[in-house]
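Input: a single structure, listed below in structure tokens.
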Amino acid sequence: MTRVIRTRVEFEGNISEELAVIQGSDLTRWGPGHELSSVGKPVARADGAARVTGGAKYTQDLFLPGMLHARILRSPYPRARVRRVDASRALRLPGVRAVLHRFNAPRAAFRGEETIFREEVRFVGDEVAAVAAETAEIAAEALRLIEVEYEVLPFVVDLEEAIREGAPRLEEKGNVSESGTHKRGDSAKALKESKIVVDAAYRTSTQLHNSLETHGAVASWDGDRLTVWESTQHVFGVRQGLHLALRIPMTKIRVVCDFMGGGFGSKGGVGKYTIVAALFTRQLGAPVRCVLSREEENLAAGNRSATLQHLRLGWKDGRVHGAEHHSWSNSGQGRWVADPTGPTDTLYDFTNVTSKSYRVVTNTGALASFRAPGYVEGTFALESALDELAQRVAIDPLTLRTRHLVTGKDPKTGMRYSFKRLAECYEIGAREIGWDKRKDGGVRGSTPQRRRGIGMASQIWGGGGGPPAYATVHINPDGTALLRTGTQDIGTGTRTVMAQICAEELRLDVDAVRVELGDTDGPYGPISAGSLTLASVGPAVRLAAADARTQLVALAAGILEVPAKELRLERGQVISSGAKTPLREVLKQVENFTVIGKGSRFPNPQETALKTFGAHFVSVEVDLRTGEIIPLHVVAVHDVGRIVNPRTAASQVEGGVIQALGFALTEERVLDLPTGRVLTADLESYKVPTVRDVPRITVRFVDQPDRVANNLGAKGLGEPPIIPTAAALANAVANATGVRVRTAPLTPARVLEAIALASAQR
Amino acid sequence: MKPFGYARPRSVAEATRLLGDDAVAIAGGTDQLGLMKSGIAVPERLVSLSGLTDLDGWTRERGKGLRIGALTPLTDLETSAGFARILPVVPQALALAATPQLRTMGTVGGNLLQKTRCWYYRDEAFPCWLKGGTRCFALEGDNRHHAVLGAEECVSASPSDLAPALIAYDASVELRGARGGRTIALADLYQAPHGAKRAEHTIRATEVLTAVRIPEAALARRATFLKAMDRKAWSFAVVSVSVAARVRDGKARDVRIVLGGVAPIPWRARSAETILEGRALDDATCRAAADGAFADAEPLKDNGHKVTIGRELVRRALRSLADA
Amino acid sequence: MAPKASSFVGPGALDVSFEVNGHPATVHIPPHRTLLDTLRETLGLTGAKKVCDEGTCGACTVLVDGKAVYSCMTLAIACEGRSVETVEGLARDGQLHPVQQAFIDHDAFQCGFCTPGQLMSIAALLRSNGAPSEEDVTRAVTGNLCRCGAYPNIVAAGVAAARKAGRA
Ligand SMILES: Cc1cc2nc3c(=O)[nH]c(=O)nc-3n(C[C@H](O)[C@H](O)[C@H](O)COP(=O)(O)OP(=O)(O)OC[C@H]3O[C@@H](n4cnc5c(N)ncnc54)[C@H](O)[C@@H]3O)c2cc1C
Ligand code: FES
Ligand code: FES
């Protein structure tokens, strides 16, 4: 029976209503006694061979016959009015086929505007015009020949300057708008009653995604059908975006993403480059490629907002009595903002809480989701402040957190947690790092000028996933399976874990399952973000495989003339009391029939909070004279329900920790304030971690299936591991040195400044 | 990159004939191509030096010191056990410079002649003083990576790790032009950009750098190279310190302290060297010299840490000479 | 046609010949064309990736005369007469190179975009050093960024491949 349901789904801290279609009934979770053959095993990646031989084709690798190359002219000013565009010289350059700009481009809706080339350009890198030419080189040369008359306008790029009185006003309602608030109890009163109050400002810098594959698309108009290959985390989102922008029916658009070279949240939908490629291919009839350069990537393809956060924590009767968290995020030209106060609202059972977050617009590129947006920034502030409080009241930081461990219910919504094992994370982490050896004031390091310390921090995040997500499983005549679902593998191992789930239900070997994904011609799959892919798509895959199995067994029963309930499948064989028949033999009898199993994601239990938890423990050595921080060991412990593939899961955690170390230590977008230009738009000056920056990393999972969430008992793991590392590291640095660095990244300059300040105060 | 003509001469004489204002030398290309891709350099023609095989390799002749061909790949100096016995500070410095690939491609001459990494200089959009413009954008802008010493109109910082290490050994360079050759101190290959001279180097457009020479006497020095970076690898120096000295009976002689990343050119801290001459390298003396090395520092708004870090690295480097 | 000793060629296109993965190849390209663009666009070998195009990431690493270099900072014309190897040439007769197999076994990639470059850096190391240590492997991939952070597994895979190659 087919039913339409309405359900609430959490995505990156926001709850939304979704409509979904479900069929039949859901499966129950595998019990403890159930012997699993594929799920839970460290299976090697299904697409490993393609990735190590160069056979994997990424969007960047597509060179279609007759393909044209598009390049984009970007504003050199942070804010200006485009008064005139003269493309005549560019058009005269041999090999140039067309130029689009605000005076000739067709209407194309994009993020609330009706054009992709707006009159007022609002950041250095904003799109002004685009060229299509026979080679990328000609297109680049043509950009230099386009003459643009700009009327330069007053601008502001820095978060704190934009907040200030008298800053150029960028939007009618002003530069600052409230984006979220939570209040429980009376924090003002509580803080007044508190004997000790930690009152501090924390800052985090703009982090640039720098996925190695830049954003890009190849578009090809074929008859009345548009095919777009795009490096994306959401093929269906790109299709939707193109449909809205170009006003062509969705059924005429196909979006494909077979392999993609990283997104980390920034590739969540259609981009202006996609629309440029699509407009040109429609106009010129040839396929068009528009792939961003590294510099463009770092100007115009998203970032993690810089924040200024003000935290006040009051202490009374051995507890955090009141908490206030105010946060301002530089959203650039973004229309939304990630909420850094989420952890303060939900991580601990504080009774009196007020939190407010604000979006601040500036003349810089729009933010984009960046792996646990908001929570990375907010956890840095909250967990740093909590350690400052622990220090002030002379309580072990872990003890302080354990005291405020919420067990049953989400303190913000009052909903019951489906499953929570944070206390176990603390236990495991403390053991692995040797927390009992932690000394107040740290210990001696490897030289007299160096000191060592240990710190920790906790993590909360969503990751429960939800509908809609669909999958089909075709059984081939040889007994192997073809699984199709419209999700994408962004490097997390989606192909592999989906094959495992499918193989489990069909009792096949994992390599007998081929997975086709990243294609809007397949069943719908959600965005690969918000740590929801496994928890959203996995259960649908399991149902589809189960459906196929039921049909297979029925078919075998008919052919073998054995009652279905006496049959089962095992490694490609149909087994009935002692007799084994290869599936392929059975299917041969009905050669012209394809078994197609279908599955859809069932809704989450309502009024239940599906959350992931974890804790990181970090030990560091700090050079007091040079400010250098040397991370020694990171222990990452996570409670994300069932682990479907321990090998790829561990890789996710290591990767998250390493990206977090970049955020904590070296990564910072630097702007030239007088001109608004990004000074770190390349990988030499913007410092992502190298292999040398990686300390020992220990990964541990609680690995117990969630008792309520979906038919796998699995939750997401993409984002949790990037959340607590920076705070844990800052706490370790404070333990080692006795000084607190409240700005991320903790560069040597900032460490030295904090040390100098502390010794001046002494 | 703008298209260009290309030649690959077989002899230095031919090369010098081909070079000129519009015809620029390219060795490994790791810096030159970077400048061309970002539109900072737009030569009409490139003269590849890769065919000058005579300039690839190093020799040591007793009494005559060490001679390193300008086309020697950095990797060859980094990984040669023989070379490490003669001049260990060079492999020490190179191991922390750039990456294995860049050291395989990059040459000694190219490293010494690479241009500053100043982010205003490297961004075509800033018509900065060094590129012929009217002002130095770093003064008002973000100058965390810039010079604290010896700057005039331009506060760029010198990028090479190799140059300071070689200067600490009184290296000289051989330059060959169309009308003959000259040998100058490596230190004199550099001159802080000032007035009409908007370049960090004193080499002429038609000259080829053919070799680096180290005098025999200097090879008796011991040396240490230390480098502070923004991440643990693949970073230009925040500060690099090359110190060398002859240490006999606990006393230091011929002390050299050369700093990278703190001035527009490799910076010799001469007054600090004088403090140490003939003295024991105890902690107090080393500390005094370290302070002396930065006595004239004029930190900018964002780079005060270079002074703190620089002082400490000089002190440590000098102390390590005593312990060696 | 090889550039003549004492005169300039270009800026127009000319023939340049070199060996690619053991096979001779001649391409008609202007002097300013990089080896990376030549491999990807002229020869259709898209294994080497273009990530920064300025020597700051390592994704374009290939071997020239057996040594790992950044192909985005190498002019194709400078490869005249030399041997170029790319990730497409690592496997021989359908048999994965030990380092390729080790990458699969150790889950040494996530998105896989840096992988061809990492593999070539380690392949070059294995050729020059029969028994590299963990430190040697780490040094070999210092010039290869991985934004997904697969580093621990990359190093583990390199060490395992070295062991296997040593035994073979
Ligand atoms: C990302 C990155 C990181 C780096 N990190 C470091 C670092 O940490 N430390 C460090 O020291 N260096 C570093 N470098 C610089 C690198 O070491 C140099 O680019 C390299 O050594 C230059 O050598 P080359 O042969 O490639 O020079 P080329 O690029 O070929 O030439 C550089 C310049 O020298 C001229 N030239 C070269 N050889 C001669 C000659 N024989 N005669 C006359 N003129 C000549 C050229 O005309 C050009 O102006 C880094 C470079 C990059 C791209
Ligand atoms: S693409 Fe060549 S090093 Fe980045
Ligand atoms: S695997 Fe994604 S960049 Fe290395």
Side-chain angles (χ1 to χ4, degrees), chain B residues 1-11 13-15 17-20 22-23 26-38 42-52 73 75-76 78-79 95-106 110 117 122 231-236, chain C residues 2-14 16 29-35 37 52-82 117 120-122 124-125 128-129 136 138-145:
Chain B
M1 234 185 324
K2 199 171 147 275
F4 48 78
Y6 182 88
R8 190 165 174 264
R10 301 297 162 142
S11 72
E14 253 183 77
R17 210 160 33 73
L18 296 171
L19 285 171
D22 270 340
I26 180 169
T30 56
D31 192 40
Q32 186 59 37
L33 292 180
L35 291 167
M36 290 165 64
K37 285 181 181 202
S38 46
V42 273
E44 291 291 321
R45 290 180 290 266
L46 278 188
V47 178
S48 167
L49 305 182
S50 62
L52 310 182
T75 299
D76 292 5
E78 182 201 354
T79 56
L96 296 174
T99 66
Q101 290 95 322
L102 286 167
R103 298 195 295 268
T104 299
M105 304 163 75
R117 302 303 299 198
R122 295 261 167 179
R231 66 181 168 196
K232 307 282 181 262
W234 207 346
S235 280
F236 288 94
Chain C
K4 264 199 237 102
S6 52
S7 64
F8 288 98
V9 295
L14 63 150
V16 175
I29 47 142
H32 71 279
R33 188 63 41 82
T34 62
L35 177 59
D37 283 344
C52 71
D53 206 25
E54 54 184 358
T56 60
C57 77
C60 65
T61 301
V62 302
L63 309 191
V64 174
D65 288 346
K67 291 181 182 150
V69 300
Y70 296 147
S71 59
C72 71
M73 297 297 267
T74 303
L75 295 174
I77 195 171
C79 296
E80 172 73 41
R82 306 173 79 177
M120 297 317 282
S121 290
I122 297 176
L125 168 72
S128 66
N129 182 344
D136 294 331
T138 304
R139 188 190 309 138
V141 296
T142 304
N144 293 82
L145 295 181

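Below, chains carry the letters A, B, ... as their sequence lines are ordered, and counting in each starts from 1.
Between Tyr70(C) and Trp234(B), the two ring planes are parallel [angle under 30°; tilted spans 30° to 60°].
The minimum heavy-atom distance linking Pro100(B) with Gly143(C) is given by the pair CD-N, 4.0 Å. Closest non-hydrogen pair, Met1(B) versus His32(C), comes out as CE-O, 3.3 Å.
Qualifying salt bridge (Lys or Arg N to Asp or Glu O under 4.0 Å) partners for Asp76(B), counting only residues two or more places apart in sequence or in other chains: none. Partners of Asp65(C) by salt bridge (Lys or Arg N to Asp or Glu O under 4.0 Å), not counting sequence neighbours, listed by chain and number: Arg82(C).
Rounding to the nearest 0.5 angstrom, the gap separating the CD atom in Glu54(C) from the CZ atom in Arg122(B) is 9.5 Å. Distance check: Thr34(C) OG1 to Leu33(B) CG gives 9.0 Å after rounding to the nearest 0.5 Å. The OG1 atom of Thr56(C) sits 9.0 Å away from atom CG of Leu102(B), with the distance rounded to the nearest 0.5 Å.
Under the 3.5 Å distance criterion, with hydrogens and angles disregarded, a donor-acceptor pair is assigned to the side chains of Thr61(C) and Gln101(B).
Interface residue Thr104(B): only side-chain heavy atoms are found under 4.5 Å from chain C. Looking at Ala124(C), there are no atoms closer than 4.5 Å to chain B (heavy atoms on both sides), in backbone or side chain. Of the two parts of Ala95(B), neither the backbone nor the side chain holds a non-hydrogen atom closer than 4.5 Å to a non-hydrogen atom of chain C. Both the backbone and the side chain of Leu145(C) come within contact range of chain B, with heavy atoms under 4.5 Å apart. With a threshold of 4.5 angstrom between heavy atoms, Lys2(B) approaches chain C through N, CA, C or O but not through any side-chain atom.
Annotation: side chain of Leu46(B) is not in contact with side chain of Phe8(C) (no heavy-atom distance under 4.5 Å).
Your options are Thr74(C), Val69(C), Val141(C), Val64(C), and the one with the most heavy-atom pairs under 4.5 Å with chain B is Val69(C). Contact count against chain B (heavy-atom pairs under 4.5 Å) is highest for Cys57(C) among Gly10(C), Ser121(C), Cys57(C).
Applying the 6.0 Å contact sphere to NZ of Lys67(C) captures no more than 12 heavy atoms from other residues, nucleotides or ligands.
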